[in-house]
Amino acid sequence: MPTLAVPELSLVALVGVTGSGKSTFAARHFAPTQVLSSDAFRALVSDDEDDQGATRDAFDALYYVAAKRLRAGRLTVIDATHLRREDRAQVVAAAREQDVLPVAIVFDLPPEVPRSRNAGHRNLPDHVLRRQQEALRRSVRGLRREGFRKVHVLSGVDDVAAARIEWEK
Ligand code: ATP
Ligand code: MG
């Protein structure tokens, strides 16, 4: 059973393609207020969680709240794909700024799993999913070097289902 050690005060980035179960996992393992989701912040700033044009403002607002939470000593999870290196660099920078540990939880699933969930979820075109999968594959190995202090890779749906979080003081 995968046990994910997570420091009580950390900034956790979920990393995975669309439909890999990040939001489902977050709802299961964390309190709703601990999870800052890019969709929710897009909705807050634009009334539309799918409005990609609102992404910049959404993340500005998200990181503003994240900094406040971390300064108050509160564990924070960012629910976004984090497939681009620059997006992950922002996580690491925000954690360092507030002197907390950046942690990555990676959803590394066989491509057919998120692809089959995509229908009825976001309905993204197949080439977009393929590009995301390639980005994920390129991302996984370098996460420690990017500055994440803990990197937990969930390999496959069984790992995701069985995962439990062990809080570290
Ligand atoms: P996105 O990046 O698009 O926000 P996500 O990684 O947050 O995607 P979820 O929204 O958690 O993915 O899951 C996508 C879909 O797959 C949802 O309809 C969800 O109910 C379903 N799903 C998630 N986890 C599982 C699971 N373990 N078994 C079956 N269905 C699942
Ligand atoms: Mg989601």
Side-chain angles (χ1 to χ4, degrees), residues 1-4 6 10-66 69 75-92 94 102-140 143 146 148 150-165:
M1 180 197 298
T3 300
L4 320 183
V6 176
S10 49
L11 179 58
V12 179
L14 306 181
V15 181
V17 304
T18 183
S20 54
K22 299 179 298 296
S23 301
T24 304
F25 181 92
R28 182 164 163 210
H29 293 280
F30 303 100
T33 50
Q34 291 179 318
V35 180
L36 306 182
S37 110
S38 52
D39 286 341
F41 276 87
R42 267 191 215 97
L44 280 175
V45 301
S46 78
D47 294 329
D48 177 1
E49 70 169 40
D50 290 324
D51 181 357
Q52 299 305 311
T55 294
R56 173 103 198 235
D57 284 344
F59 275 98
D60 281 354
L62 186 156
Y63 274 98
Y64 184 82
V65 175
R69 289 185 54 85
L75 174 101
T76 300
V77 179
I78 304 184
D79 178 8
T81 55
H82 293 116
L83 295 174
R84 300 186 314 168
R85 181 190 268 266
E86 56 266 40
D87 296 341
R88 297 188 298 269
Q90 201 174 359
V91 177
V92 172
V103 173
I105 300 178
V106 183
F107 296 74
D108 189 11
L109 305 184
E112 59 272 18
V113 174
R115 196 184 306 128
S116 71
R117 291 178 188 161
N118 176 50
H121 174 53
R122 289 198 203 261
N123 298 306
L124 294 179
D126 212 49
H127 73 271
V128 175
L129 293 187
R130 271 202 307 274
R131 215 181 307 135
Q132 289 193 358
Q133 292 289 355
E134 282 157 21
L136 180 75
R137 212 168 320 125
R138 280 196 305 272
S139 304
V140 179
L143 292 174
E146 290 178 19
F148 287 95
K150 283 187 192 293
V151 176
H152 296 299
V153 180
L154 297 169
S155 301
V157 287
D158 292 348
D159 254 19
V160 174
R164 52 175 287 276
I165 296 197

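Just follow the structure's listing: the first ligand is 1, and inside any ligand the first atom is 1. Heavy atoms only: backbone and side chains are in, while hydrogens, waters and symmetry mates are out.
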Determine which pairs satisfy ring-ring contact (aromatic ring centres under 6.0 Å, His included) with at least one residue from residues 106-136, sequence neighbours left out, and list them in order.
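Checked against ring-ring contact (aromatic ring centres under 6.0 Å, His included) - neighbours excluded - the pairs reaching residues 106-136 are Phe25-Phe107.
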
Candidate with minimal heavy-atom separation from [atom], of [options]:
| atom | options | answer |
| --- | --- | --- |
| atom 19 (C) of ligand 1 | Leu83, Val17, Thr24 | Thr24 |
| atom 26 (C) of ligand 1 | Arg122, Glu49, Arg117, His121 | Arg117 |
| atom 7 (O) of ligand 1 | Ser23, Ala80, Gly120 | Ser23 |

### Task
May I ask whether Ser20 has any heavy atom positioned less than 4.0 angstrom from an atom of ligand 1?
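Under 4.0 Å: yes for Ser20.
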
Q. Checking only N/O/S atoms, does Thr24 have one that is under 2.8 Å from the Mg ion (ligand 2)?
A.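 No - counting backbone and side chain alike, Thr24 has no N, O or S atom under 2.8 Å.
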
Report the distance from atom [atom1] of [X] to atom [atom2] of [Y], rounding to the nearest 0.5 Å.
| X | Y | atom1 | atom2 | value |
| --- | --- | --- | --- | --- |
| Ser38 | Glu49 | OG | CD | 9.0 Å |
| Arg85 | Ser139 | CZ | OG | 8.5 Å |
| Thr81 | Asp87 | OG1 | CG | 6.5 Å |
| Arg42 | Arg56 | CZ | CZ | 14.0 Å |

Any nitrogen or oxygen of [X], main chain or side chain, under 3.5 Å from a nitrogen or oxygen of ligand 1?
| X | answer |
| --- | --- |
| Gly19 | yes |
| Lys22 | yes |
| Gly16 | no |

Heavy-atom pair with the smallest gap, counting every atom of Val17 and Lys22 |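 Taking Val17 first and Lys22 second, the nearest heavy atoms are O-NZ, 2.9 Å.
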
Heavy-atom closest contact (Leu109 atom, Arg117 atom, distance):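 That would be CD1-NH1, 4.1 Å.
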
Who's the nearest protein heavy-atom neighbour of atom 12 (O) of ligand 1, and how far?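 Its nearest protein heavy-atom neighbour is Gly21 N, 3.1 Å.
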
